Asker: 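Next up is a structure, given as structure tokens.
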Protein chains: 2
Amino acid sequence: MSDNQERPPVAPLQDVLAAISDPVRLEMLRRLDPDGAPVACGQLYDGIGKSTASHHFKILREAGVIEVELIAGKTHQRLRLADVEAAYPGVLSSILAVPSAR
Amino acid sequence: MSDNQERPPVAPLQDVLAAISDPVRLEMLRRLDPDGAPVACGQLYDGIGKSTASHHFKILREAGVIEVELIAGKTHQRLRLADVEAAYPGVLSSILAVPSAR
DNA sequence: ATGCCTGTTCGATCTACGTCGAACTTAGCA
DNA sequence: TGCTAAGTTCGACGTAGATCGAACAGGCAT
């Protein structure tokens with residue numbers, strides 16, 4: 001095995017699309033590092049309550065698009081771009097390549 | 001101009017994703033000809049009423065993903081893959097490339 | 001140890017959307 | 001000139017999901 005992390009499989013395409021189609025969640029993904037570097041929770045959203053943000057994180061996690069890592073007691077999120085690309089080549093990368101202004 | 005058809009612009013990415021994220025609509029897109037050949041309305045859905053289907057067509061049309069053409073008095077739909085690709089390269093094509101089983 | 005800060009869970013609310021049935025419009029055909 | 005078939009529009013209904021506030025849990029630092 002190439003690594004010993006437990007990674008749940010990427011969800012069915014329909015679920016991944018449903019996860020991405022929400023504006024708040026798409027913005028979260030845009031703020032994550034494409035290379036998979038962990039980003040602190042608070043950097044990923046603005047203008048919504050923590051409970052709402054946590055709800056969106058859960059959906060993204062269950063879709064297999066992100067994963068959590070605890071760094072010094074604080075929650076960080078990591079984009080699972082490689083895993084999603086392996087399951088659905090080009091889908092997520094092409095969406096993230098679109099300029100956020102549109 | 002390369003053609004004289006009036007084509008509304010492709011909607012913002014968020015709207016396109018919202019349109020595609022519905023299972024019924026994604027199935028409709030899968031049944032359309034990728035090259036843009038017109039397909040009769042009735043071939044594009046099963047198990048839902050016509051009014052529901054019409055509702056979904058409208059959303060896809062407003063998202064700029066399909067367009068209508070009347071052939072011998074019957075409505076046909078055409079996939080605007082080239083237009084969508086021009087706006088968001090790789091997005092729609094990579095999604096349609098995923099085997100429908102997933 | 002004990003507070004504090006961060007994130008999750010729970011319950012409630014409100015809105016958006018998918019679905020249907022019925023009525024209306026249009027086009028082709030007998 | 002109606003008749004029938006095909007789609008759209010309209011209203012209504014039900015459910016799924018986005019949001020919030022409050023309560024809970026877990027680490028870190030003081």
Side-chain angles (χ1 to χ4, degrees), chain A residues 6 8 11-33 37-80, chain B residues 6 8 11-33 37-80 95 100:
Chain A
E6 314 243 341
L13 177 63
Q14 203 66 68
D15 295 356
V16 174
L17 292 177
I20 294 175
S21 68
D22 182 276
V24 175
R25 292 194 286 265
L26 183 55
E27 175 63 21
M28 285 173 165
L29 295 184
R30 284 227 171 81
R31 296 192 185 188
L32 284 169
D33 187 306
V39 178
C41 247
Q43 312 295 318
L44 298 175
Y45 63 92
D46 285 313
I48 59 175
K50 323 187 266 183
S51 58
T52 303
S54 186
H55 164 70
H56 288 305
F57 285 139
K58 182 176 184 177
I59 291 179
L60 288 172
R61 238 179 296 126
E62 288 175 350
V65 176
I66 64 173
E67 63 186 352
V68 202
E69 183 179 359
L70 282 118
I71 300 180
K74 299 206 194 305
T75 308
H76 287 61
Q77 311 286 343
R78 199 147 57 175
L79 186 64
R80 293 178 59 192
Chain B
E6 314 242 342
L13 176 63
Q14 202 66 69
D15 296 357
V16 173
L17 292 177
I20 295 175
S21 68
D22 182 275
V24 174
R25 292 194 287 264
L26 183 55
E27 175 63 22
M28 285 173 166
L29 296 184
R30 284 228 170 80
R31 295 192 187 188
L32 284 169
D33 186 306
V39 177
C41 247
Q43 312 296 318
L44 299 176
Y45 62 92
D46 284 311
I48 59 176
K50 346 185 244 183
S51 58
T52 302
S54 186
H55 163 71
H56 288 305
F57 285 139
K58 182 176 184 177
I59 290 179
L60 288 172
R61 239 180 294 124
E62 289 175 350
V65 176
I66 65 172
E67 64 187 353
V68 201
E69 185 178 358
L70 282 117
I71 299 179
K74 298 210 197 304
T75 307
H76 287 60
Q77 313 286 342
R78 197 149 58 175
L79 187 62
R80 293 178 60 191
I95 290 173
S100 44

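Chain A is the first sequence line, chain B the second, and so forth, proteins listed ahead of strands; every chain is numbered from 1. None of the values given here were measured: they were computed from a predicted structure.
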Asker: Hey, does A72(B) reach any base, or is it just sugar-phosphate, or nothing, if we go heavy atoms under 4.0 Å?
Answerer: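 It contacts sugar-phosphate atoms only.
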Asker: Roughly how far, to the nearest 0.5 Å, is the CG atom of L44(A) from the CZ atom of R30(A)?
Answerer: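 Atom-to-atom, R30(A):CZ and L44(A):CG are 13.5 Å apart.
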Asker: Name the first nucleotide and the last nucleotide along DNA chain C (5' to 3') that come under 4.0 Å of a heavy atom in chain A.
Answerer: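 Contact boundaries, 5' end first: dT6(C) to dT9(C).
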Asker: State, to 0.1 Å, how close I66(B) and L32(B) come at their nearest heavy-atom pair, and which atoms those are.
Answerer: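 Heavy atoms only, the tightest pair is CG2-CD1, 3.6 Å.
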Asker: Within this structure, what is the CG-to-C1' distance between L70(A) and dG26(D), rounded to whole angstrom?
Answerer: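 These atoms are roughly 10 Å apart.
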Asker: Just checking I59(A): base, sugar-phosphate only, or nothing, at a heavy-atom cut-off of under 4.0 Å?
Answerer: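 I59(A): backbone/sugar contact only, no base atoms under 4.0 Å.
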Asker: Scan residues 42-52 of chain A against DNA chain C and write down, sorted by residue number, each residue with any heavy atom closer than 4.0 Å; if none is found, say none.
Answerer: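 Those residues whose heavy atoms fall under 4.0 Å from DNA chain C, taken from residues 42-52 of chain A in numerical order, are K50(A), S51(A).
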Asker: Check whether any side-chain N or O of R25(A) sits under 3.5 Å from a backbone N or O of A18(A) as a donor-acceptor pair, and report yes or no.
Answerer: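 Pair found, side chain donor or acceptor close to backbone of A18(A).
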Asker: Between the main-chain N or O of Q43(B) and the side-chain N or O of R31(B), is there a donor-acceptor pair closer than 3.5 Å?
Answerer: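 Such a contact is found between R31(B) side chain and Q43(B) backbone.
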Asker: Just how far, in rounded Å, is C1' of dC20(D) from NE2 of H56(A)?
Answerer: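 Going from H56(A) (NE2) to dC20(D) (C1'), I get 12 Å.
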Asker: Given 3.5 Å as the limit, does a donor-acceptor pair link the side chain of E69(B) with the main chain of Q77(B), or not?
Answerer: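 No, the answer is negative, given that no donor and acceptor are paired below the 3.5 Å cut-off.
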Asker: Do you know the tightest heavy-atom contact between D15(B) and A11(B)?
Answerer: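 Heavy atoms of D15(B) and A11(B) come nearest at CB-CB, 3.8 Å.
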Asker: Considering every strand and a 4.0 Å limit on heavy-atom distances, what is the contact class for T75(A): base, sugar-phosphate, or nothing?
Answerer: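 Sugar-phosphate contact only - T75(A) comes under 4.0 Å of backbone atoms but never of a base.
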Asker: If I take atom CG in residue D22(A) and atom C1' in nucleotide dA16(D), what distance separates them, rounded to the nearest angstrom?
Answerer: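 So the two atoms are 13 Å apart, to the nearest Å.
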Asker: Specify the separation, in whole Å, of atom CD1 of I71(B) and atom P of dA6(D).
Answerer: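 Rounded to whole Å, this separation is 16 Å.
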Asker: Let me know, please, whether G73(A) or V24(A) comes out on the 5' side of the other along DNA chain D by nearest nucleotide.
Answerer: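 Upstream on the strand: V24(A).
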Asker: Rounded at 0.5 Å granularity, tell me how far CD1 in I95(B) sits from CG in L29(B).
Answerer: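 So the CD1 of I95(B) and the CG of L29(B) are separated by 9.0 Å.
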Asker: Hey, does H55(B) reach any base, or is it just sugar-phosphate, or nothing, if we go heavy atoms under 4.0 Å?
Answerer: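 Touches a base.
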Asker: Quick one: pull up CZ in R80(B) and CZ in R61(B) and give me the separation to the nearest 0.5 Å.
Answerer: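 Taking CZ in R80(B) and CZ in R61(B), the distance rounds to 11.5 Å.
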Asker: From NZ of K58(B) over to C1' of dT9(D), roughly how many Å is that when rounded to an integer?
Answerer: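 Rounding to the nearest Å, NZ of K58(B) and C1' of dT9(D) are 8 Å apart.
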Asker: Given side chains that start at C-beta, do those of M28(A) and Y45(A) come closer than 4.5 Å, heavy atoms only?
Answerer: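 Side chain of M28(A) against side chain of Y45(A), heavy atoms only: contact under 4.5 Å found.
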